[in-house]
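First up is the structure itself, then whatever we jot down about it.
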Amino acid sequence: MNDGGWSSDDPFVDPDDPAAIERDKRRREREERRRQRRQREQPTEAQHGAHSSPHEERGTRNEERAGAEGTPTPRSTPAASAPFANRVAEMRKRLAGSRPARRARPSRRAGTGGAAGAGGPGGKGASGGAKAPGGGELVAALSANRRPIAALVATALVLLFLIVLLQPFHGEGSGKALVQIPKGASVGEVADILDDRGVVSSSTLFQMRVTLAGKRSELYPGNFTLANGMSYGDAIDALSTPPEKRTITVVIPEGLSRSQIAPIAKGAGIDGGYMKASERSKFINPARYGARGAKNLEGFLFPATYELPARGTATDLVQLQVQAFQQRIREVNMKYARSKNLTTYDVLIIASMIEREVQVPRERKLVAAVIYNRLREGQPLGIDATTRFAVGNYTQPLTNSQLATPSPYNTRTNAGLPPGPIGNPGIAAIQAAAHPAQVNYRFYVVKPGTCGQHSFSANEAKFLRDQAAYQRALEEKGGSPTEC
């Protein structure tokens, strides 16, 4: 550069050209004004620190633009360029100071296992080149998280099952439940009895608890006074202790009515009135079996041999009877009876008549068939046992007035079934009443010279002949023509 600002090597510059001299003069004036303006507007470092002003930035851009147009651009002074350099240096310090903090900050992303990598997913971590989890590593990390959760759930389920099985917080139960365990009963049968009586809440869990306690062979038969809703452990303890030796044994034969059972219960030493106790029981709902209009529990008092505690009451005996009925009636398939529009209560009524009429077991289904056939044809049943129940005469011959009683239980004068059972049938009679023989018999009469056998007939002519034979034998013997 020479003093005039002209390049001595520029072949296009003419130092004697008046136009060029004028252009150079204007350029120098512009540069001088620009320099003075920058000096006026440039803040001192004491006031504004090392930051550059917008005017400086514009001046710098003007210099760059002037240089681009071919005019020389004066170099900025150290004072003008210092603020920008200071700002750059300060920014670098800040960035350098913040990086360690970012590397030290733990990652919030689940499963990364440490600081986030500087290169993002798949890049190297700032702590030494460890890669962030990729696709397979992420699945493995998630699976590793699931395994502890699954273990916790499994442990919780096991604990819950043990609590249900061992019942550590269970109370002593409530009320009184009389339970009779038959001799030779299996653990499963004992569990079912306890479940049916409401002593335990689950037959299956009781069996498991007995097995866990190692007492499957230590449960005693007999009569026990337990509680409703007992724990499995308490029930096992009670049943593995020999029952009280002082008990009352009551034998109730099949077919007897309530009025006939009452003196048997009293004679066995049972306290309380049996007739009153057998009117109703909280342990059975007769309406469930179709007995909506039943006035008492006749037909539901299952006949069997019962053992009660020494101070057992009539209410206790009734409880055992109705619970035994509910257990045994489950054995009977009522499908055929229902197809004939008969309810379970109707079957009990038929079974109670069979118990009174039949002495030979093989005749039960034949008598049932006679009853079904006469019901189908709308004929009166003509069974004198129902009249005996109505008048209370079970042993003496029926008189003409008794045979003509207006009671609805008189099946000579009333068609259809009587209003209710005339006694309490056993399971064999109930099975016969639910499944009669498939024969067309409509009549039967006692066969003379036998132990209660009958002659059956499908037509009235044969029945009249059988009836005449019975009458002749009756007159000859002066009483019932039977031999046993």
Side-chain angles (χ1 to χ4, degrees), residues 166-183 185 187-207 209-210 213 215 218-252 258 261-262 264-286 288 296-297 300-330 424:
L166 301 179
Q167 299 175 309
F169 311 110
H170 201 284
E172 297 180 354
S174 61
K176 183 173 66 173
L178 300 177
V179 176
Q180 185 177 35
I181 306 299
K183 291 182 179 180
V187 174
E189 292 171 336
V190 172
D192 289 341
I193 292 173
L194 297 181
D195 194 356
D196 290 340
R197 302 295 188 273
V199 175
V200 297
S201 57
S202 171
S203 171
T204 301
L205 290 179
F206 176 83
Q207 294 182 61
R209 187 70 173 81
V210 172
K215 293 187 176 183
E218 299 181 17
L219 303 183
Y220 286 90
N223 293 294
F224 296 85
T225 302
L226 305 177
N228 297 310
M230 294 180 71
S231 69
Y232 302 123
D234 289 345
I236 292 170
D237 291 342
L239 295 181
S240 59
T241 302
E244 299 178 6
K245 297 299 182 180
R246 295 180 59 189
T247 59
I248 298 175
T249 301
V250 185
V251 180
I252 302 175
R258 294 168 56 239
I261 297 174
I264 295 176
K266 185 176 181 180
I270 299 294
D271 293 334
Y274 184 84
M275 291 296 288
K276 179 66 175 178
S278 60
E279 286 182 359
R280 62 184 58 85
S281 171
K282 65 180 181 180
F283 297 98
I284 192 171
N285 179 14
R288 177 184 174 188
N296 51 58
L297 299 177
F300 298 99
L301 304 167
F302 195 78
T305 299
Y306 297 97
E307 291 186 1
L308 285 80
R311 289 179 290 182
T313 65
T315 301
D316 296 335
L317 176 58
V318 169
Q319 176 185 342
L320 293 177
Q321 286 183 281
V322 297
Q323 289 174 336
F325 167 81
Q326 291 176 97
Q327 184 177 2
R328 298 304 302 274
I329 198 66
R330 297 173 186 169
N424 296 277

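Counting only heavy atoms from C-beta outward, the side chains of Asn228 and Arg197 never approach each other to under 4.5 Å. Phe206 is listed as a side-chain neighbour of Val190, based on a closest heavy-atom distance under 4.5 Å. The side-chain heavy atoms of Thr305 and Thr249, taken from C-beta on, include a pair separated by under 4.5 Å. A heavy-atom distance below 4.5 Å is not found between the side chains of Gln323 and Ile193. Tyr232 has its side chain within reach of Ser201: a pair of non-hydrogen atoms, C-beta onward, lies under 4.5 Å apart. Residues Pro309 and Ile248 fail the side-chain proximity criterion, which asks for heavy atoms closer than 4.5 Å. Counting heavy atoms from C-beta outward, Leu297 and Val318 have side chains that approach closer than 4.5 Å. Counting heavy atoms from C-beta on, the side chains of Ile181 and Leu219 never come closer than 4.5 Å.
Nearest heavy-atom pair, Ser203 versus Asp195, reported as atom, atom and distance to 0.1 Å: N-OD2, 3.3 Å. Nearest heavy atoms, Leu317 versus Ala265: CD2-CB, 3.9 Å. Here the shortest heavy-atom pairing between Ala262 and Met275 reads CB-CG, 4.1 Å. Closest approach of Ala314 to Ile270, counting heavy atoms only: N-CG2, 3.1 Å. Pairing each heavy atom of Lys215 with each of Ser240, the nearest pair is NZ-OG, 3.8 Å.
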(message) Please determine whether side-chain contact (heavy atoms from CB on, under 4.5 Å) holds for the pair Ser278 and Asn296, giving the CA-CA distance in whole Å, both sets of side-chain angles, and the decisive distance to 0.1 Å.
(response) CA-CA 7 Å; Ser278 60; Asn296 51 58; 5.9 Å; no

(request) Run the numbers on Leu194 and Leu239 for side-chain contact (heavy atoms from CB on, under 4.5 Å), then give the verdict. (result) CA-CA 11 Å; Leu194 297 181; Leu239 295 181; 3.6 Å; yes

(message) Run the side-chain contact (heavy atoms from CB on, under 4.5 Å) test on Leu301 and Tyr274 for me, step by step, so that the C-alpha distance in whole Å, both residues' side-chain angles and the decisive distance to 0.1 Å come before the verdict.
(response) CA-CA 11 Å; Leu301 304 167; Tyr274 184 84; 3.4 Å; yes

(message) Run Arg209 and Val200 through side-chain contact (heavy atoms from CB on, under 4.5 Å) and show every step you take.
(response) CA-CA 11 Å; Arg209 187 70 173 81; Val200 297; over 6 Å; no

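Rounding to the nearest 0.5 Å gives a distance of 10.0 Å between CE of Met230 and CD1 of Ile236. Here the OG1-OH distance, from Thr241 to Tyr220, works out to 8.0 Å after rounding to the nearest 0.5 Å. The line from OG1 of Thr247 to CZ of Phe224 is 11.0 Å long, rounded to the nearest 0.5 Å. Atom-to-atom distance recorded for Phe300:CZ and Gln321:CD is 13.0 Å, nearest 0.5 angstrom. Taken from CZ in Phe302 to CD1 in Ile252, the straight-line distance is 11.0 Å, to the nearest 0.5 Å.
The main-chain N or O of Ala277 is never found under 3.5 Å from a side-chain atom of Ser281 such that the two would form a donor-acceptor pair. In this structure, Asp316 contributes its side chain and Thr313 its backbone to a donor-acceptor pair below 3.5 Å. Within the 3.5 Å criterion, the main-chain N or O of Val322 finds a donor-acceptor partner in the side chain of Gln326.
Taking a cutoff of 4.0 Å between a charged side-chain nitrogen and a carboxylate oxygen, Arg330 and Asp196 qualify as a salt bridge.
Listed by chain and number, the residues in a salt bridge (Lys or Arg N to Asp or Glu O under 4.0 Å) with Asp271 amount to none (sequence neighbours excluded). With sequence neighbours excluded, the residues forming a salt bridge (Lys or Arg N to Asp or Glu O under 4.0 Å) with Arg328 are Glu331, listed by chain and number.
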